[in-house]
Asker: 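Shown below is the structure under consideration.
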Amino acid sequence: MIEEKKNEVAFKYYNKIFELLKNHHEWFRNSIPLIASENLPSPAVREALISDFGNRYAEGWPGERVYAGCLYIDQVELICIDLAKILFNAEFVDVRPISGVCANLSLYSAFTQPNDRMMALAIPNGGHISMGKKDFFGTAGLVHGLRVEYFAFNKEEMNIDVDKTKEKFEKMVKEDKEIPKLAIFGGSVILFPHPVKELSDFFKSHNCFVAYDAAHIAGLIAGKRFQDPLREGAEAMTMSTHKTLFGPQGGAIVSYERYAEQIKKAVFPGNTSNHHLHSVAAKAVAFAEFLKFGEEYAEQVIRNAKALAQALHEKGLKVLMENKGFTESHQVVLDVTKFGDGGTLEKLLEKANIIVNRQLIPGDIQAGRHYTNPGGLRLGTSEVTRLGMKESEMKEIAEFFKKVIIDKRNPEIIAKEVSKFRKDYQRVHYAFENVREAYSYVNVRT
Ligand SMILES: *Cc1c(COP(=O)(O)O)cnc(C)c1O
């Protein structure tokens with residue numbers, strides 16, 4: 001490329017990137033964000049994220065680093081660990097995994113060998129790709145070579161079937177003479193607490209390590225409004241730090257002192273080199289906020305999920321698990337097969353500035369529905385709660401769903417209504433400071 005052309009392309013794209021970023025911020029400040037795996041970090045978390053920590057290397061444990069220059073980084077990481085220990089009432093915490101998947105992979109490395117068996121939820125029943133089989137390019141199978149067996153699942157209860165899971169396990173013990181080495185609870189669709197208490201002793205009596213993937217639920221656990229896996233028998237718990245926990249994108253593992261060395265080595269050098277130190281700083285900030293506001297926030301998140309589910313149900317949408325009060329978490333799952341498929345409706349709602357994701361629900365695969373056109377939508381109330389919305393706002397949101405999905409109103413017109421509705425919710429709640437608007441675009445270049 002000639003010099004002049006190079007400059008022109010560079011400059012054009014350079015400017016275009018910032019234009020797109022600003023458009024995104026503007027779009028989200030006018031939308032209803034309901035992706036269950038997302039949340040809104042506070043301005044304080046965002047400040048930590050753009051600090052110089054993000055340009056450094058540490059590697060290893062605070063005080064035993066591979067790199068110089070960690071004087072302040074070490075202190076922040078130790079604070080982060082301390083806060084997480086309090087939040088999760090845990091003896092040992094590793095905040096270095098750079099994502100939930102990285103935390104799971106570290107767990108697999110620490111407690112299993114390739115080719116071992118493990119038990120987890122199947123994806124249409126709420127399992128996550130990181131627990132998936134090799135055939136489906138799941139991380140457990142593809143990367144660590146684990147052979148995944150599924151927990152038996154009760155669709156009516158939307159939960160793991162304790163008796164059938166035990167039967168399945170015992171059959172593996174007897175007939176295959178092969179015991180799963182790891183059982184991992186938790187999932188991406190999780191409406192109710194999993195039967196950790198009911199199954200942990202059984203698994204452990206067969207020397208099967210018991211873990212809990214709290215990627216989605218970590219904030220509700222730290223907020224003391226969901227089950228407490230470490231007290232119910234789980235020996236380690238992995239998580240994302242940005243779903244119900246309102247930190248930066250990242251991961252963590254909490255466990256007991258007796259597993260500390262195994263986990264530490266699996267995280268570094270096993271599964272990380274650089275562990276994104278700006279994210280560690282931001283995690284520390286979020287954990288401090290969580291210590292102060294987490295219980296109140298988690299309470300409201302769940303109240304909002306229940307209120308949203310109830311309102312959607314009253315508007316004529318099919319919400320899963322009516323007989324059990326719809327949900328005990330931040331999630332609400334809709335069966336939209338009466339109105340189309342999840343893929344089409346996700347796009348329609350997006351045009352109306354309502355951001356949700358399509359979701360495989362139990363029975364989809366048998367009915368020939370797949371990931372692009374599943375029968376469900378999954379909604380989460382973390383981010384709208386963070387914006388200060390309460391039960392009455394959930395009713396208004398349900399009305400928007402009705403207008404788009406049932407009344408088939410023009411989504412572009414609904415988008416305008418949504419934008420108007422959003423005007424009063426522009427600050428981050430449950431944070432020490434919120435002078436800056438939630439989706440403000442921060443310019444540090446000029
Ligand atoms: C989201 C999720 C993960 C992965 O977390 P990332 O932080 O996106 O890597 C792992 N497990 C479950 C159950 C999840 O829902």
Side-chain angles (χ1 to χ4, degrees), residues 5-51 54-55 99 240-243 246-250 276 278-279 282 286 342-359 372 377-389 393 396-397 400-401 403-405 409-429 431 433-446:
K5 181 80 186 152
K6 260 201 319 203
N7 291 344
E8 188 192 314
V9 169
F11 194 62
K12 191 179 95 191
Y13 280 145
Y14 178 81
N15 285 315
K16 183 73 188 169
I17 294 161
F18 292 107
E19 184 191 321
L20 293 170
L21 285 170
K22 285 178 187 166
N23 289 347
H24 172 89
H25 279 247
E26 190 54 27
W27 187 25
F28 268 70
R29 83 186 282 284
N30 286 290
S31 300
I32 300 174
L34 291 167
I35 304 269
S37 57
E38 293 179 354
N39 210 326
L40 185 63
S42 66
V45 166
R46 291 172 69 197
E47 182 171 322
L49 280 175
I50 56 169
S51 69
N55 312 315
S99 68
S240 302
T241 47
H242 51 270
K243 295 185 180 176
F246 45 59
Q249 293 193 331
H276 299 184
H278 56 316
S279 182
T344 311
L345 292 175
E346 172 193 281
K347 292 208 174 58
L348 203 62
L349 287 161
E350 190 187 53
K351 278 202 187 121
N353 283 7
I354 301 168
I355 316 293
V356 305
N357 72 279
R358 62 181 185 274
Q359 181 68 48
T372 52
L377 292 176
R378 184 188 65 175
L379 322 178
T381 54
S382 313
E383 190 161 348
V384 291
T385 303
R386 212 82 210 293
L387 286 167
M389 296 189 197
E393 286 78 14
E396 294 187 59
I397 292 176
F400 288 128
F401 273 80
K403 285 179 180 172
V404 175
I405 297 177
R409 296 264 307 277
N410 180 346
E412 267 118 41
I413 292 172
I414 308 302
K416 295 210 175 77
E417 294 179 18
V418 165
S419 165
K420 213 167 134 216
F421 163 74
R422 268 301 309 277
K423 287 234 160 14
D424 296 335
Y425 308 98
Q426 292 298 346
R427 304 281 160 167
V428 185
H429 292 242
E433 286 149 314
N434 69 357
V435 284
R436 205 178 265 280
E437 282 198 0
Y439 302 88
S440 60
Y441 179 82
V442 182
N443 179 345
V444 289
R445 348 171 244 151
T446 58

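No experiment lies behind these values; they were computed from the predicted model shown.
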Asker: Should Ser31 and Tyr439 count as side-chain neighbours, where that means a heavy-atom distance under 4.5 Å?
Answerer: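 No, every pair of side-chain atoms sits at 4.5 Å or beyond.
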Asker: In terms of side-chain geometry, is the basic nitrogen of Lys16 or Glu19 positioned less than 4.0 Å from the acidic oxygen of its partner?
Answerer: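 Counted as a salt bridge, because a side-chain N and a carboxylate O are separated by less than 4.0 Å.
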Asker: Could you tell me whether Gln249 atom CD has more than 12 heavy atoms of other residues or ligands within 6.0 Å of it?
Answerer: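 Incorrect, the count does not exceed 12.
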Asker: Below 4.5 Å, heavy atoms only, C-beta onward: do Ser37 and Arg378 meet side chain to side chain?
Answerer: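 Side chain of Ser37 against side chain of Arg378, heavy atoms only: contact under 4.5 Å found.
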Asker: Hey, what do you get for CG (Asn39) to NZ (Lys243), rounding to the nearest 0.5 Å?
Answerer: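 Here the rounded value is 11.5 Å.
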Asker: Within a strict 4.5 Å, meaning less than it, do heavy atoms of the Glu346 and Glu350 side chains meet?
Answerer: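 When only atoms from C-beta onward are counted, Glu350 and Glu346 do not touch, as no gap falls below 4.5 Å.
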Asker: Only pairs under 3.5 Å count here: list side-chain donor-acceptor contacts from residues 40-50, not counting sequence neighbours, and write none if there are none.
Answerer:
unit_1 : atom_1 : unit_2 : atom_2 : d
Ser42  : OG     : Ala44  : N      : 3.3
Ser42  : OG     : Val45  : N      : 3.1
Ser42  : OG     : Glu289 : OE1    : 3.2
Ser42  : OG     : Glu289 : OE2    : 2.6
Arg46  : NH1    : Ala438 : O      : 3.3
Arg46  : NH1    : Ser440 : O      : 3.3
Arg46  : NH2    : Ser440 : O      : 2.6

Asker: May I ask you to test the Lys403-Ile413 pair for a side-chain heavy-atom distance under 4.5 Å?
Answerer: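 Of all side-chain heavy-atom pairs linking Ile413 with Lys403, none is under 4.5 Å.
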Asker: Work out which heavy atom in Arg29 is nearest to a heavy atom in Gln426; give both atom names and the distance.
Answerer: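 It is O-NE2, 2.9 Å.
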Asker: Tell me, please, which residues at least two apart from Phe11 pass side chain to side chain contact (heavy atoms under 4.5 Å, CB included).
Answerer: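 Side chain to side chain contact (heavy atoms under 4.5 Å, CB included) list for Phe11, sorted by chain: Asn15.
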Asker: Is any side-chain heavy atom of Met389 less than 4.5 Å from a side-chain heavy atom of Ile397?
Answerer: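 Of all side-chain heavy-atom pairs linking Ile397 with Met389, at least one is under 4.5 Å.
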Asker: Could you tell me how the ring of Phe400 sits relative to the ring of Phe421: parallel (under 30°), tilted (30 to 60°) or perpendicular (over 60°)?
Answerer: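 Geometry flag for Phe421 against Phe400: perpendicular rings.
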Asker: Calculate, to the nearest 0.5 Å, the distance between atoms CZ and CD belonging to Arg386 and Glu38 respectively.
Answerer: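 Arg386 CZ to Glu38 CD: 14.0 Å, rounded to 0.5 Å.
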Asker: Which heavy atom in Asn443 sits nearest to a heavy atom in Arg445, and how many Å separate them?
Answerer: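 Closest heavy-atom pair between Asn443 and Arg445: OD1-N, 2.7 Å.
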Asker: Once side chain to side chain donor-acceptor pair (under 3.5 Å) is applied, do any residues pair with Lys6, and if so which ones, sequence neighbours excluded?
Answerer: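 By the side chain to side chain donor-acceptor pair (under 3.5 Å) rule, Lys6 matches no residue at all.
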Asker: To the nearest 0.5 Å, what is the distance between OG on Ser419 and CD1 on Ile32?
Answerer: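 So the gap between those two atoms works out to 10.0 Å.
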Asker: CD1/Ile354 to CZ/Phe401 distance, rounded to the nearest 0.5 angstrom?
Answerer: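 Rounded to the nearest 0.5 Å, the CD1-CZ separation comes to 5.5 Å.
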Asker: Taking side chain to side chain contact (heavy atoms under 4.5 Å, CB included) as the criterion, tell me which of Val356, Ile355, Leu349 meets it with Leu34.
Answerer: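 So the option named by the test is Val356.
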Asker: Which atoms form the tightest heavy-atom contact between Ala286 and Gly247, and what is the distance?
Answerer: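 Reported closest heavy-atom pair: CB-CA, 3.4 Å.
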Asker: Could you measure the distance from the CZ atom of Phe28 to the CG atom of Asn353? Nearest 0.5 Å is fine.
Answerer: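 Separation between the atoms: 9.0 Å.
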